[in-house]
Amino acid sequence: MSPKNGAETSRKREEMTTIGFIGLGIMGAPMARHLADAGHRVHGFDLSREAVSTLAEAGGEAAESIGDAASGADIVITMLPADAQVEAVVLGDDGVLAHAAAGALLIDMSTVSPQTSQAVATAAAPRGVRVLDAPVSGGQAGAVEAVLSIMVGGDEADFASARDILDALGKTVVHVGPHGAGQVVKAANQLLVGGIIALNAEALVLMEASGVDPARGLEVLNGGLAGSTVLTRKMDNFLHRSYPPGFRIDLHHKDMGIVHNAARGAGVALPLAAQVESLVAAARASGLGDADHSALLAVIEGLNDRKGA
Ligand code: NAD
């Protein structure tokens, strides 16, 4: 090995962080892979053994339990469905806080309520475990391409120490305030995404019912002021009435509940949020819970007794 290569290798080893990654689903799997690709030691755990084996084949290491992933980690990342799973995995008797070393940093990247993020930070503090809430936007494609937007709540110094790790997963990484602030911004994001999907669905139904070719209509709309990342990412789903997840309606339903409670907590009225919440609930009630949230189009079609494509 040349002296230069030797120096590079030892520098890499110094920079290598041991990361426990819990939750290897649609989002967590590609995120964990990026961290392994960046040279970190990624010890992954999920209830799905298949997800754990897939990470191990992609350069990570298989953890046998939450404790196995958390003990000895400099950083523990959780990417779990909702509040109940984060509470169980982090606060449970055999959970992350029972195993993480003092000084470790827990980054919860799941979308949960701001109150859960604050409760996790409060429980972690006496154990010397630092915590950030760092929910993401950008969907499965954003995770695969490592271009997520990451909205971070917690102490500024902890954010600074996590910056390299977060930069390996996202393109727009912003510290937005204290514990829970990341989740408030994520709730605002979910309100916007749900509303934009619903309005695109209404625009599509209007165009089709009026005899306009929907592919041409959406194409030109997307080039103007009404264009959006949502439309770009969901255009094919809309046109083919194909809704593979993606982001599941069930998860968006959970998120509209977070929006609802956050609005109540802040004492503000959000009339369009209430409409979006109802549309998402209607999609779920009609059996579309596992479909992508672009399936709001099916709800708007149902209201109009129409079925396209
Ligand atoms: P997912 O359901 O695909 O993945 C969650 C993973 O957590 C699953 O693999 C599941 O087996 C695992 N899990 C559940 N309970 C566990 C436990 N007790 N111990 C270990 N593993 C456990 O969900 P996802 O789409 O990856 O979303 C994860 C989070 O990211 C959610 O909070 C979601 O709202 C948010 N999010 C998702 C998207 C998206 O487009 N899918 C985008 C932004 C944010």
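Counting convention: from 1, in listed order, for ligands and their atoms alike. Hydrogens, waters and symmetry mates play no part in the numbers below; they use all other heavy atoms, side chains included. Worth saying up front: this structure is predicted, and the values here are computed from it rather than measured.
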>> One thing to verify: whether Arg284 and Asp250 come together as a salt bridge, which I'm taking to mean a side-chain N less than 4.0 angstrom from a carboxylate O.
In response: yes
> Would you call Arg49-Glu64 a salt bridge at under 4.0 Å N-O?
Replying inline: yes
Do any nitrogen or oxygen atoms of ligand 1 lie under 3.5 Å from a protein nitrogen or oxygen, and which ones?
| unit_1 | atom_1 | unit_2 | atom_2 | d |
| --- | --- | --- | --- | --- |
| ligand 1 | 2 (O) | Arg248 | NH2 | 3.4 |
| ligand 1 | 3 (O) | Ile26 | N | 2.9 |
| ligand 1 | 9 (O) | Asp46 | OD1 | 3.3 |
| ligand 1 | 9 (O) | Asp46 | OD2 | 2.7 |
| ligand 1 | 11 (O) | Asp46 | OD1 | 2.6 |
| ligand 1 | 21 (N) | Leu47 | N | 3.4 |
| ligand 1 | 26 (O) | Ile26 | N | 3.3 |
| ligand 1 | 26 (O) | Met27 | N | 2.9 |
| ligand 1 | 32 (O) | Leu80 | O | 2.9 |
| ligand 1 | 32 (O) | Pro81 | O | 2.8 |
| ligand 1 | 32 (O) | Thr111 | N | 3.0 |
| ligand 1 | 32 (O) | Lys254 | NZ | 3.2 |
| ligand 1 | 34 (O) | Lys254 | NZ | 2.9 |
| ligand 1 | 41 (N) | Gly246 | O | 3.3 |

>> Between Glu156 and Arg130 (salt bridge meaning N to carboxylate O under 4.0 Å), is one present in this structure?
In response: no
> Is any side-chain heavy atom of Leu166 closer than 4.5 Å to a side-chain heavy atom of Met109?
Replying inline: yes
>> Please determine whether a side-chain nitrogen of the Lys or Arg among Arg241 and Glu208 lies less than 4.0 Å from a carboxylate oxygen of the Asp or Glu.
In response: yes
> Can the ring centres of His252 and Phe247 be said to be less than 6.0 Å apart?
Replying inline: yes
